[in-house]
Amino acid sequence: IGVAGIVLGVAVGVLGLLVIALVNLIHGLDAGDRSFYSGRDASYVLLGVLDLGVSVLLVGGSIAFLTGKLTGRIAMTVGTWTTIGFSVFWWREDRIPAFIPLVTGLLALAVLVLSYQASITRWLGVRPPPQPE
């Protein structure tokens with residue numbers, strides 16, 4: 001689960017860098033327009049920066065989760081819910097192929113569901129071990 005969270009975090013970070021790089025490339029090719037990062041492009045740059053923040057949250061939370069810390073699972077939970085929200089947003093965009101946000105959203109959902117299994121919760125020490133009757 002932690003390794004899948006790291007993979008998800010790296011993928012979200014790469015996608016965020018790609019969004020920022022594409023906006024920069026579009027403005028770099030158009031030498032006549034000096035309104036750099038204005039309008040809709042500014043929102044894409046902001047989303048790219050937020051993607052990078054979520055990436056740091058997912059990778060850091062996954063590493064803490066692998067060491068058995070409850071704060072890691074909390075960070076992964078916040079990161080996966082945010083990733084699911086971003087996936088819904090990007091899925092509704094016409095410019096993005098539908099499989100990228102679909103795969104990212106499904107991986108985030110899988111990490112979220114698997115990190116709350118009873119055995120994982122017991123391993124983190126949140127739940128007491130089963131008592132014999």
Side-chain angles (χ1 to χ4, degrees):
I1 299 167
V3 174
I6 291 172
V7 169
L8 178 64
V10 169
V12 167
V14 167
L15 292 173
L17 283 175
L18 284 174
V19 168
I20 294 171
L22 286 174
V23 169
N24 192 15
L25 179 68
I26 289 170
H27 280 284
L29 294 176
D30 187 18
D33 186 15
R34 296 293 178 209
S35 59
F36 193 62
Y37 297 149
S38 63
R40 190 170 178 96
D41 292 337
S43 64
Y44 284 145
V45 170
L46 179 63
L47 284 172
V49 171
L50 289 175
D51 278 350
L52 292 175
V54 170
S55 172
V56 169
L57 189 66
L58 283 168
V59 170
S62 297
I63 291 171
F65 180 78
L66 285 173
T67 61
K69 295 182 181 172
L70 182 61
T71 55
R73 183 168 76 171
I74 293 169
M76 279 179 43
T77 301
V78 171
T80 52
W81 277 113
T82 307
T83 303
I84 291 169
F86 281 161
S87 296
V88 169
F89 172 79
W90 288 114
W91 184 55
R92 296 184 56 132
E93 283 290 315
D94 294 336
R95 302 177 188 178
I96 306 297
F99 75 92
I100 293 174
L102 183 67
V103 169
T104 307
L106 288 176
L107 181 59
L109 187 64
V111 168
L112 182 66
V113 168
L114 290 175
S115 66
Y116 278 91
Q117 296 295 319
S119 59
I120 300 296
T121 304
R122 212 171 288 114
W123 174 68
L124 288 172
V126 177
R127 219 179 206 183
Q131 302 295 321
E133 292 183 29

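Computed from a prediction, not measured in an experiment: that's the story for all the values here.
- Here the closest non-hydrogen pair linking Ile20 and Val45 is CG1-O, 4.2 Å.
- Taken together through direct or relayed side-chain contacts under 4.5 Å among Ile, Leu, Val, Met, Phe, Trp and Tyr, Phe86 and Val14 form parts of separate hydrophobic clusters.
- The side chain to side chain contact (heavy atoms under 4.5 Å, CB included) test applied to Ile84 returns Trp81, Ala108, Leu109, Leu112, not counting sequence neighbours.
- Here the OG1-CG distance, from Thr82 to Leu58, works out to 8.0 Å after rounding to the nearest 0.5 Å.
- Residues passing the side chain to side chain contact (heavy atoms under 4.5 Å, CB included) test with Val103, sequence neighbours excluded: none.
- Residue Trp91 shares its hydrophobic cluster (ILVMFWY side chains chained together at separations under 4.5 Å) with no other residue.
- Leu66 is not connected to Leu124 by any chain of hydrophobic side-chain contacts under 4.5 Å among Ile, Leu, Val, Met, Phe, Trp and Tyr, and they are in different clusters.
- Judged as a side-chain hydrogen bond (donor to acceptor under 3.5 Å, both in side chains), the pairs with a partner in residues 43-62 (not counting sequence neighbours) are, in order, Arg40-Tyr44, Tyr44-Glu93.
- In this structure, Ile120 and Leu114 approach most closely via the heavy-atom pair CG1-O, 3.7 Å.
- How far CG of Leu15 is from CD1 of Ile100: 6.5 Å, rounded to the nearest 0.5 Å.
- Through direct or relayed side-chain contacts under 4.5 Å between Ile, Leu, Val, Met, Phe, Trp and Tyr, Val88 connects to no other residue.
- Listed by chain and number, the residues in a side chain to side chain contact (heavy atoms under 4.5 Å, CB included) with Leu17 are Leu52 (sequence neighbours excluded).
- Screening residues 50-74 for ring-ring contact (aromatic ring centres under 6.0 Å, His included), with sequence neighbours left out, gives Phe65-Trp123.
- Leu57 and Ile1 end up in different hydrophobic clusters when Ile, Leu, Val, Met, Phe, Trp and Tyr side chains are linked at under 4.5 Å.
- How far CG of Leu8 is from CG of Leu106: 11.0 Å, rounded to the nearest 0.5 Å.
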Under 3.5 Å donor-acceptor pairs involving side-chain atoms of residues 72-79, not counting sequence neighbours:
from: Arg73; atom 1: NH1; to: Ser115; atom 2: O; distance (Å): 3.2
from: Arg73; atom 1: NH1; to: Thr121; atom 2: OG1; distance (Å): 3.0
from: Thr77; atom 1: OG1; to: Arg73; atom 2: O; distance (Å): 2.7
from: Thr77; atom 1: OG1; to: Tyr116; atom 2: OH; distance (Å): 2.8

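- Grouped by direct or indirect side-chain proximity (heavy atoms under 4.5 Å, Ile/Leu/Val/Met/Phe/Trp/Tyr only), Val56 sits alone.
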